[in-house]
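Structure record follows, encoded as structure tokens.
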Amino acid sequence: LRNFWLQFLLATPIQFWAGWEFYRGAVSSLKHRTANMDTLVAIGTTVAYAYSAFVTVFPYIVQEIGIDPFPYFDVATIIIGLILLGRYFEAKAKAGTSEAIKKLIGLQAKTARVVRGNKEIDIHIGEVLIGDLVRVRPGEKIPVDGVIVEGDSAVDESMVTGESMPVDKKIGDAVVGATINKSGSFVFRTTKVGQETLLAQIIKLVQEAQSSKAPIQRLADLVSSYFVPVVIILAIVTFVVWYNFGPEPALLYAILNTVAVLIIACPCAMGLATPTAIMVGTGKGAEHGVLIKDAESLEIAHKVTIIIFDKTGTLTKGEPSVTDIVAFNDGKENDVLQYAASLEKFSEHPVARAIVAFAASLGKSSSHPLDKAIRERAETENTELFVVNKFKANPGKGLEGEIIISNNPKKFYFGNRALMKDISVDLSAREAEIQKLEDEGKTVMILASGFGLLGAVAVADTVKENARQGIEELKKLGIESVMITGDNSKTAMAIAKKVGITRVLAEVLPDQKEAEVKKIQAEGKKVAMVGDGINDAPALAQADVGIAMGTGTDVAIEAADITLINKDLRSVAAAILLSKKTMRAIKQNLFWAFGYNIILIPVAMGVLYPFWGILLNPIFASVAMATSSISVVSNSLLLKRKRII
């Protein structure tokens, strides 16, 4: 490989085939009278290649003026190779954004069971018309948007709304395509099909947001836009001065010194400055559960001034759990739980599953704080469920049944206020206690029997353990936090208060979240959006930086720029801090990358020749390039020692 002709043969295809895009980019920028990284790479590598080819073919001409015939083929190929490698990884990451659209489309049901006359037939979803009657059985996806005309059920709308609690649906209620029917069978009349459905509108919003996000100006391009014209001017000045005032052969001296200026100006370390810092920075993030999609995301994250958090699955755990058990009239909490769970074991509703699961966990070394409190007061670890006869479900209200206690059947009711009203149970004596739980954003189920009120069980989507600490970490960085949710204001404010957020956007429909992001961006702020649901995808794509929870949907993750693979919300602040530290390292790298050029360009121009007869020796250029590259790599590796959490 020390043979110059072999180097020439190896370098030629790299220069003009692999490096063709730099020439294309340079020509494009020159047409717009600007200079960028492509311009710098094209000029620098072309001059290095041309000079090296000249030295290879005519080594004796260079030797005549006392300069060793030393080619720079390696400089040109290394610069092209490194920059193309960085662009490849970035392009590969960006290609994943189209997968978000594919997965959104994949959520749609493929067929629909349409009621035609006295028959029910399965047809392709594309054949469903507005006004068709469609039957949906338990566990099936709802094919399109519509309104229920027969039956009732609980529908899991979390795939679209992001809210974990299934919604009870009855005649007259709207249903959304791609959501899942959890329990009962019902018939609905279609109101929107094809491109008019809510899911189709979300797909459209994601596409628009992704295509409209303008790429940010690279810092290297910004520096190059000033550096390139200055170098070209200096090269011209060098040629003119040597041609007019230099010794004979003046033309040869002018050409060689001009070439030397252009070669030394091509920063070898520029190819390492950004990629090495990005590589170390993204690696550091991955160690702490922060996956960064591309360099652009890492570059812009440090500018974020406000972060919008989705509530369900982001600030909260995303699933209902028992938060409070209240016993009335000197009763025992354990008894209330036993009766409630005995009735709920027959129900498929998520609230029922939460209560039954909590009852089953007692006495099994559960870490739930409420578990300990109940056991201390009830002085028992036994929560065995009773036999229940004459069970009856009252859709949208609750349950009733006879519980066998000591061989004696006793009637119990467990449900909401509407059920208590139906059985004429007066809540006034306990209204304050019930209202207090509801004001905290909890779903309250009341237990009653023929003897009156017995107690209540409160269920809610609980706040993640580290949510408040995560918000506090952002405050330390001077970043404002906002919560956005489709929940009612009362529930939203209760959750926001627990985590330390003061600005709340409540009752925001799924297709309005992106609009809310745009409003805040219109205030002149750099916005990051943190979410996990499909309904968050348009907002994640619209935000300057989209951050998805790794426990969320694939669509949200792919629409986002940064993914938190752990459940730790402190990682949001860690991602911002990592961006700040990485950008600082990149700026330092760029300083080193250009530093040696600025020092050695005057030498290349020949300022030392009149005094000591010194022209730029290729060895000096090699040492300078190596030193610059080592400095850049070493500085990037220092990022590994930085603390971000």
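Because the structure is a prediction, the values reported are computed rather than measured. Any value given below was found using the heavy atoms of this structure, including those in side chains, with hydrogens, waters and symmetry copies removed.
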Report the C-alpha distance between Leu564 and Ile547 in whole Å, list the side-chain angles of each, state the deciding distance to 0.1 Å, and finish with yes or no for side-chain contact (heavy atoms from CB on, under 4.5 Å).
-> CA-CA 7 Å; Leu564 308 181; Ile547 303 176; 3.7 Å; yes

Test Met483 against Ile495 for side-chain contact (heavy atoms from CB on, under 4.5 Å), laying out the working first.
-> CA-CA 9 Å; Met483 189 180 83; Ile495 296 294; 4.0 Å; yes

Determine, step by step, whether Leu454 and Tyr413 satisfy the side-chain contact (heavy atoms from CB on, under 4.5 Å) criterion, reporting the C-alpha distance in whole Å, the side-chain angles of both residues, the deciding distance to 0.1 Å, and the verdict.
-> CA-CA 10 Å; Leu454 300 178; Tyr413 301 87; over 6 Å; no

Do Glu523 and Arg503 pass the salt bridge (charged side-chain N to carboxylate O under 4.0 Å, His left out) test, and can you show the C-alpha distance, the side-chain angles, and the key distance before you say yes or no?
-> CA-CA 15 Å; Glu523 298 173 8; Arg503 185 174 177 181; 3.4 Å; yes

Does the side-chain contact (heavy atoms from CB on, under 4.5 Å) test come out yes or no for Val504 and Val482, once each step is laid out?
-> CA-CA 6 Å; Val504 177; Val482 177; over 6 Å; no

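Put simply, the side chain of Ser489 never gets that close to the backbone of Ala506: no donor and acceptor are under 3.5 Å apart. Between the Arg468 side chain and the Lys498 main chain, a donor and an acceptor come within less than 3.5 Å of each other. Here the side chain of Asp544 pairs a donor or acceptor atom with the backbone of Val527 at under 3.5 angstrom. Using modelled atom types, one side-chain atom of Ser342 and one backbone atom of Phe386 make a donor-acceptor pair closer than 3.5 Å. Not one N or O on the side chain of Asp168 forms a donor-acceptor pair closer than 3.5 Å with the backbone of Ala154. Judged by distance alone, the side chain of Thr323 and the main-chain N or O of Ala458 form a donor-acceptor pair under 3.5 Å. With hydrogens and angles ignored, the 3.5 Å screen pairs a side-chain donor or acceptor of Asn416 with a backbone N or O of Leu419. With Lys475 contributing its side chain and Gly500 its backbone, the two residues share a donor-acceptor pair below 3.5 Å. Judged purely by atom type and a 3.5 angstrom limit, Asn181 uses its side chain to pair as donor or acceptor with the backbone of Gly184. With hydrogens and angles disregarded, no donor-acceptor distance shorter than 3.5 Å links the side chain of Ser481 to the backbone of Ile501.
Within the structure, salt bridge (charged side-chain N to carboxylate O under 4.0 Å, His left out) pairs that include any residue of residues 184-196 do not occur (at least two apart or interchain).
The side chain to side chain contact (heavy atoms under 4.5 Å, CB included) test applied to Asn329 returns Arg430, not counting sequence neighbours. With sequence neighbours excluded, the residues forming a side-chain hydrogen bond (donor to acceptor under 3.5 Å, both in side chains) with Lys397 are Asp422, listed by chain and number. Applying the salt bridge (charged side-chain N to carboxylate O under 4.0 Å, His left out) rule to Glu440 yields the partners Lys436, Lys442; only residues at least two apart in sequence or on another chain are considered. The salt bridge (charged side-chain N to carboxylate O under 4.0 Å, His left out) test applied to Arg353 returns no partner, not counting sequence neighbours. Applying the side chain to side chain contact (heavy atoms under 4.5 Å, CB included) criterion to Ile404, with sequence neighbours excluded, gives Val387, Asn389, Pro409. Under the rule for a side chain to side chain contact (heavy atoms under 4.5 Å, CB included), the partners of Arg137 that lie at least two apart in sequence or sit in another chain are Arg113, Glu140, Ser185. Shown here are the side-chain hydrogen bond (donor to acceptor under 3.5 Å, both in side chains) partners of Glu438, two or more places apart in sequence or in another chain: Arg417. Scanning for side chain to side chain contact (heavy atoms under 4.5 Å, CB included) contacts around Val326 gives Phe328, Glu433, Leu437, with sequence neighbours left out. Here Lys411 pairs with Glu400 under the side-chain hydrogen bond (donor to acceptor under 3.5 Å, both in side chains) rule; sequence neighbours left out. Every side-chain hydrogen bond (donor to acceptor under 3.5 Å, both in side chains) that Lys169 has, sequence neighbours left out, goes to Glu157.
Atom NZ of Lys497 has 12 or fewer neighbouring heavy atoms from other residues, nucleotides or ligands inside a 6.0 Å radius. For CD of Gln195, the number of neighbouring non-hydrogen atoms (other residues, nucleotides, ligands) closer than 6.0 Å is 12 at most.
Considering only heavy atoms from C-beta on, Phe186 comes within 4.5 Å of Ile142 through its side chain. The side-chain heavy atoms of Thr462 and Thr316, taken from C-beta on, include no pair separated by under 4.5 Å. Between Thr111 and Ile123, the closest side-chain pair of non-hydrogen atoms is not below 4.5 Å. At a threshold of 4.5 Å between non-hydrogen side-chain atoms, the residues Val463 and Leu315 do not count as touching. Looking at heavy atoms from C-beta onward, Val457 lies out of side-chain contact with Leu447 at the 4.5 angstrom threshold.
Between Tyr339 and Phe414, the distance separating the two ring centers is not shorter than 6.0 angstrom.
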I'd like a table of donor-acceptor pairs (distance under 3.5 Å, sequence neighbours excluded) in which one partner is a side-chain atom from residues 144-151, with atom names and distances.
| unit_1 | atom_1 | unit_2 | atom_2 | d |
| --- | --- | --- | --- | --- |
| Asp145 | OD1 | Gly177 | N | 2.7 |
| Asp145 | OD2 | Leu198 | N | 2.9 |
| Glu150 | OE2 | Arg135 | NH2 | 3.4 |

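Minimum heavy-atom separation, Ala112 to Val128: CB-CG2, 3.7 Å. Nearest approach of Val351 to Met445, heavy atoms of both residues: CG1-CG, 4.3 Å. Across all their heavy atoms, Ile576 and Ala301 have their closest contact at CD1-O, 3.6 Å. The two residues Asp156 and Thr179 make their nearest non-hydrogen contact at O-CB, 3.5 Å.
Between Lys513 and Glu516, none of the side-chain N atoms (NZ, or NE/NH1/NH2) sits under 4.0 Å from a carboxylate O, so this pair counts as no salt bridge. Ion pairing of Lys410 with Glu402 is absent here, as no side-chain N (NZ or NE/NH1/NH2) approaches a carboxylate O to less than 4.0 Å.
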